[in-house]
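No experiment lies behind these values; they were computed from the predicted model shown. Numbering of ligands and ligand atoms starts at 1, following listing order.
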Amino acid sequence: MFTPSAFRRLFPALGLRVGGRPAAFFDGPGGSQVPEAVIAAQAEYYRSANANTHGAFLTSRRADATVDGARAAMAALLGAEGPDTISFGANMTTLNFALAHAIGRTLEPGDEVVVTDLDHDANIAPWRMLRERGAVVRACPVHLEDCTLDMDAMDGLITGRTRHVAVGYASNAVGAVQDVAQVVRWAHAVGATVSVDAVHFAPHHLIDVGELGADYLLCSAYKFFGPHVGVLYSRPGRLEDLPTDRVRPQDPRPPERFETGTLNHAALAGVSAAVETIASQGDGPSLRERIASAFAAIYPYEHGLAAQLWQALAVLPDVTLYGPPVGRALRAPTVSFRLRGRTPREVAAALGEQGFFVWDGDFYALTLMERLGLDASGGVVRVGMAPYILPDEVEDLVTAIRHLTG
Ligand SMILES: Cc1ncc(COP(=O)(O)O)c(C=O)c1O
């Protein structure tokens, strides 16, 4: 069962102090803290399983089991059909460049790809590069008042010429969650494939790739208590013929068809431990059910923290908040704002000195910041909630922000 105080005890870094005050880790969207179980799993890999895969000896068999275990854990986290749908790589950005590159090889000049103005550039730049191959890349605009996708525009952009749509599940800059299932329906109706950037969504919500119907989904374990590993889910049948970059001896079948070189096996031990950590907060007979039950408890808790912050900031005259108001729509518990008269960097630095770790900048959601007119003036301040944050920390943060106003 999830209780924030018990959950906190799993994370050794939370004991850190800044200038005599306990640190408050609101920097989760840039990378969450890591539980002792993840640290221990990685250390244990090096102690007892450190070898390359597919060998005829004990440690190699253990390395195989480490990789297989991480695939099974990620399949459970995403609701995937099985471990063979899960490929690993350095990070989401690297995997997405490889995915775009492979899909690009299947396109004819004039074929269209749709991206969005809302996304992290890791889900825009790889697809824009397909212009070099003669593809037409179209971008879905954003409603600037609440930073949600203009779904009417998306509907119009997906046509018989569309071959692929790359869409983000949740905005890492402002927390807005998109109706990705609808995008999948529109894309599939015209025979196009869809890839979903779930990097910012995955730490906060249960993902069900079966229900979503997306062809590909990407996330990054360091955002959900794990190490720096990128994850690509591919629907069964999608990867088999995809012209991926490969060395000749590489297994041409999924999931290895997508994996170049030796994976970071120790980190994969950490991925399994991260998924287990989430599951440990829920109940149920299977790993998937424990994960679902954990998110059912974590989502309202994190949402409550985000609402606490949003409501406190919304009444401050010098604060401008971005993204859909917390409580009105499904969203990630990520609150972004600006303070009149101070740059986001000044605000983040002042808070950082007091032990409040918050991010400032564009967080690579470059197009969104350009559209909002904030790119040249430092972007926004971003506060990310996590299950290890306590309401008292939010209250103290609000007090610190109040002191910076006026
Ligand atoms: C929404 C989103 N997409 C993609 C990325 C890139 O992920 P990675 O650092 O694994 O390349 C990030 C990283 O912050 C992100 O927040």
Run the side-chain donor-acceptor check on residues 380-388: report pairs under 3.5 Å with partners two or more places apart or on a different chain.
{"unit_1": "Arg382", "atom_1": "NH1", "unit_2": "Asn172", "atom_2": "O", "d": "2.8"}
{"unit_1": "Tyr388", "atom_1": "OH", "unit_2": "Gln33", "atom_2": "N", "d": "3.0"}

Does the distance from a Lys or Arg side-chain N to an Asp or Glu carboxylate O, for Asp245 and Arg105, drop under 4.0 Å?
-> yes
What residues, two or more places apart in sequence or in another chain, satisfy side chain to side chain donor-acceptor pair (under 3.5 Å) together with Glu81?
-> Tyr233, Arg235
Side chains of Asp111 and His164, donor plus acceptor under 3.5 Å = no
Parallel, tilted or perpendicular: ring planes of Phe201 versus Tyr169, cut at 30 and 60 degrees = parallel
List of N/O pairs, ligand 1 versus protein, all under 3.5 Å?
{"unit_1": "ligand 1", "atom_1": "3 (N)", "unit_2": "Asp197", "atom_2": "OD1", "d": "3.3"}
{"unit_1": "ligand 1", "atom_1": "3 (N)", "unit_2": "Asp197", "atom_2": "OD2", "d": "2.6"}
{"unit_1": "ligand 1", "atom_1": "9 (O)", "unit_2": "Tyr222", "atom_2": "OH", "d": "2.5"}
{"unit_1": "ligand 1", "atom_1": "10 (O)", "unit_2": "Met92", "atom_2": "N", "d": "2.9"}
{"unit_1": "ligand 1", "atom_1": "10 (O)", "unit_2": "Ser220", "atom_2": "OG", "d": "2.4"}
{"unit_1": "ligand 1", "atom_1": "11 (O)", "unit_2": "Met92", "atom_2": "N", "d": "3.4"}
{"unit_1": "ligand 1", "atom_1": "11 (O)", "unit_2": "Thr93", "atom_2": "N", "d": "2.9"}
{"unit_1": "ligand 1", "atom_1": "11 (O)", "unit_2": "Thr93", "atom_2": "OG1", "d": "2.5"}
{"unit_1": "ligand 1", "atom_1": "14 (O)", "unit_2": "Lys223", "atom_2": "NZ", "d": "2.6"}
{"unit_1": "ligand 1", "atom_1": "16 (O)", "unit_2": "Asn172", "atom_2": "ND2", "d": "3.4"}

How would you list all residue pairs meeting side chain to side chain donor-acceptor pair (under 3.5 Å) that involve residues 139-150, not counting sequence neighbours?
-> Asp146-Thr148
